[in-house]
2 protein chains.
Amino acid sequence: MEEIDHHAGEPVWSQLTRILRGQIERGVIPPGKLLPSISTLMQVYGVSDGTVKRALKTLRDEGLVSSVPGRGTYVSQ
Amino acid sequence: MEEIDHHAGEPVWSQLTRILRGQIERGVIPPGKLLPSISTLMQVYGVSDGTVKRALKTLRDEGLVSSVPGRGTYVSQ
DNA sequence: CTGCATTTGTGCGTATGTATG
DNA sequence: ACATACATACGCACAAATGCA
């Protein structure tokens, strides 16, 4: 599991975005599948909800994922 | 009725937790009895559902209450 | 049995405040 | 002054369980 380096030059939200993007592109999380919830990602990577939300928003803006309130965040086709 | 101070230093969810905990410990709501529903607590204290849910979760983690989906939240014995 | 309302639990999006470098 | 990071707070949506007409 890739980990977050809070002392790296790269912002935490950017590191998390890159990690999740990599997992999607490598097929670790296939299209149509749900990403871990924000709450889970907070615990797994040890970051705040705002950081997770910024990472997910970036992936949404890139078209890699699609979030549905009440459901979760899906990997796009 | 204790009220919530949105400008106090203490977070709203913490204030609500403390108010409810006090009512339970003083026997205002006896063991086995139902707490007001989340919807009711929202209206009574003028806070959002997320805030009420966080307070109830805290009380659950403390073992003071026990929630049953579809029923409500009971004061523990 | 079939709906419908209520309630809890989980989830997301947005906004705001505080602290730090 | 600015970006980052965290915590709080609100609002809303959806699923499952419960109870009742």
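The sequence lines fix the lettering, A, B, ..., with proteins before strands; numbering per chain opens at 1.
Here dT7(C) presents its C1' atom at 18 Å from NZ of Lys57(B), a figure rounded to the nearest Å. Per the geometry, CG belonging to Leu56(B) stands 11 Å off C1' belonging to dT7(C), to the nearest Å. Between the NE2 atom of His7(B) and the P atom of dA9(D) there is a distance of 12 Å, given to the nearest Å. Atoms CZ (Arg60(B)) and P (dT7(C)) sit 16 Å apart, rounded to a whole Å. Look at CD on Gln15(B): it is 12 Å from C1' on dT8(D), rounded to the nearest Å. For Tyr74(B) and dT7(C), the OH to C1' distance is 10 Å, given to the nearest whole Å. Look at NZ on Lys53(B): it is 13 Å from P on dC10(D), rounded to the nearest Å. In this structure, Glu10(A) atom CD and dA3(D) atom C1' are separated by 15 Å, rounded to whole Å.
Checking the phosphate oxygens (OP1, OP2) of dC6(D), a side-chain nitrogen or oxygen of Thr51(A) falls inside 4.0 Å. Phosphate contact (OP1/OP2 of dA9(D), side-chain N/O of Arg54(B), threshold under 4.0 Å): absent. For dA17(D), neither phosphate oxygen OP1 nor OP2 lies less than 4.0 angstrom from any side-chain nitrogen or oxygen of Arg71(B). Not one side-chain nitrogen or oxygen of Thr73(A) sits closer than 4.0 Å to the OP1 or OP2 atom of dG11(C). Under 4.0 angstrom from either OP1 or OP2 of dT8(D) there lies no side-chain N or O belonging to His6(B).
Distance from the side chain of Ser67(B) is smallest to dG9(C) among dA5(D), dG9(C), dT8(D).
Under the 4.5 Å side-chain heavy-atom criterion for grouping Ile, Leu, Val, Met, Phe, Trp and Tyr, Leu34(B) is not connected to Val75(B) through any hydrophobic cluster.
Residues satisfying the side chain to side chain contact (heavy atoms under 4.5 Å, CB included) criterion with Ser39(A), sequence neighbours excluded, are Ser37(A), Gln43(A).
Sorted by first and then second residue, the pairs that involve residues 3-12 of chain B and meet salt bridge (charged side-chain N to carboxylate O under 4.0 Å, His left out), not counting sequence neighbours, are Glu10(B)-Arg18(B).
Of all non-hydrogen atoms in Pro31(A) and Ser76(A), the two that sit nearest each other are CB-O, 3.4 Å. Closest non-hydrogen pair, Pro36(B) versus Leu41(B), comes out as O-CD1, 3.6 Å. Val47(B) approaches Val12(B) most closely through the heavy-atom pair CG1-CG1, 3.4 Å.
Comparing Ser14(B) and Pro69(A) by the nucleotide of DNA chain D that holds the closest heavy atom to each, the one mapping nearer the 5' end is Ser14(B).
One distance of note links CZ of Arg54(A) with CG of Leu16(A); it measures 11.5 Å at 0.5 Å rounding.
Nucleotide dA1(D) has no partner under the Watson-Crick or G-U criteria, as no pair reaches both atom distances under 3.5 Å.
Within residues 35-50 of chain B, the residues having any heavy atom closer than 4.0 Å to DNA chain C are, in order of number, Ser37(B), Ile38(B).
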